[in-house]
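These figures come from a predicted structure and were not determined experimentally.
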Amino acid sequence: MVEINTQLKTFWLGYADGWHQVIAHLVMIDNIEYAMVPQTTDNEEYVLICLYHSKSGKLIRVVPISLEALLNANTKEATMKLFEDIAKRIEPTLKYNKSKILYESENYKLAMEKEFGPMPEIEDSHELDYYEE
């Protein structure tokens, strides 16, 4: 089952140089929370929709989509539908690899914390809603 929180939230992601704060949508797939983050690429025709494990900041899956598809999702409802379609498309793979995802995410978080300190706390006060109806 896929659920997407329509409100933007603050997340911490783990990168090679430490923790980075992003604003993204919370996506629940098979009872695991992910942050869905659009990211640009060197190719101007595509963007990447990146799925990070929200508790560890580990990158789990990258889905390329056309820039045109993202730009055509020009309302809150259209964006949520696009993200939901992407999440549903990758849901079977995530379900199949659930235990591996959880295991690797925990190890990733421990390694990040060893090198860069604890993942900063997420404050609920950073919830945002940039969409206008």
Side-chain angles (χ1 to χ4, degrees):
M1 178 161 173
V2 171
E3 294 177 40
I4 299 180
N5 188 329
T6 59
Q7 194 167 29
L8 292 168
K9 298 183 75 125
T10 300
F11 293 95
W12 290 96
L13 307 180
Y15 286 88
D17 63 346
W19 300 109
H20 290 243
Q21 189 176 41
V22 298
I23 296 173
H25 286 282
L26 173 69
V27 179
M28 182 79 75
I29 302 174
D30 196 29
N31 294 318
I32 299 177
E33 292 182 351
Y34 299 94
M36 188 171 273
V37 183
Q39 295 181 335
T40 59
T41 67
D42 292 337
N43 184 333
E44 294 178 4
E45 295 180 22
Y46 292 92
V47 293
L48 303 176
I49 304 298
C50 301
L51 206 63
Y52 291 85
H53 183 253
S54 69
K55 304 294 185 203
S56 68
K58 181 181 186 333
L59 178 62
I60 302 298
R61 189 73 189 260
V62 176
V63 179
I65 65 166
S66 72
L67 180 59
E68 182 179 355
L70 185 60
L71 293 175
N72 285 337
N74 58 3
T75 65
K76 183 177 186 175
E77 292 78 18
T79 303
M80 293 300 97
K81 177 71 173 131
L82 175 67
F83 287 175
E84 181 181 19
D85 290 347
I86 292 168
K88 284 182 177 179
R89 196 171 34 186
I90 62 176
E91 179 184 21
T93 303
L94 297 178
K95 280 185 169 186
Y96 180 79
N97 293 304
K98 183 176 182 175
S99 58
K100 179 181 177 184
I101 289 168
L102 293 173
Y103 176 77
E104 290 180 354
S105 294
E106 183 60 29
N107 286 338
Y108 182 83
K109 185 176 181 185
L110 291 172
M112 286 292 295
E113 288 179 337
K114 183 177 180 181
E115 188 165 348
F116 301 108
M119 176 188 272
E121 293 294 318
I122 297 172
E123 299 177 23
D124 289 337
S125 62
H126 287 119
E127 290 185 1
L128 304 170
D129 192 351
Y130 284 122
Y131 297 103
E132 294 185 18
E133 301 294 331

**Student:** Do Tyr34 and Ile101 pass the side-chain contact (heavy atoms from CB on, under 4.5 Å) test, and can you show the C-alpha distance, the side-chain angles, and the key distance before you say yes or no?
**Tutor:** CA-CA 11 Å; Tyr34 299 94; Ile101 289 168; 3.8 Å; yes
**Student:** Work out which heavy atom in Asn5 is nearest to a heavy atom in Met80; give both atom names and the distance.
**Tutor:** O-SD, 4.3 Å
**Student:** Is the OH atom of Tyr108 crowded by more than 12 outside heavy atoms at less than 6.0 Å?
**Tutor:** yes
**Student:** Should Ile60 and Ser105 be marked as a side-chain contact (heavy atoms from CB on, under 4.5 Å) after you check the CA-CA gap, both sets of side-chain angles, and the distance that decides it?
**Tutor:** CA-CA 9 Å; Ile60 302 298; Ser105 294; 3.7 Å; yes
**Student:** Is it true that atom OH of Tyr96 has more than 12 heavy atoms of other residues, nucleotides or ligands lying nearer than 6.0 Å?
**Tutor:** no
**Student:** Let me see the working for Val27 and Ile86 under side-chain contact (heavy atoms from CB on, under 4.5 Å), right down to the final yes or no.
**Tutor:** CA-CA 11 Å; Val27 179; Ile86 292 168; over 6 Å; no
**Student:** What pair of heavy atoms forms the shortest contact from Met119 to Gly57, and how long is it?
**Tutor:** CE-N, 3.5 Å
**Student:** Using every non-hydrogen atom in the two residues, find where Gln7 and His25 come nearest and quote the distance to one decimal.
**Tutor:** O-ND1, 4.0 Å
**Student:** Quick one: do Lys88 and Glu84 make a salt bridge, cutoff under 4.0 Å?
**Tutor:** yes
**Student:** Closest heavy-atom contact between Phe83 and Pro38?
**Tutor:** CZ-CG, 3.9 Å
**Student:** If you look at every heavy atom in Ala87 and Val2, which pair is closest and at what distance?
**Tutor:** CB-CG1, 3.6 Å
**Student:** Would you find more than 12 non-hydrogen atoms of other residues, nucleotides or ligands less than 6.0 Å from Glu113 atom CD?
**Tutor:** yes
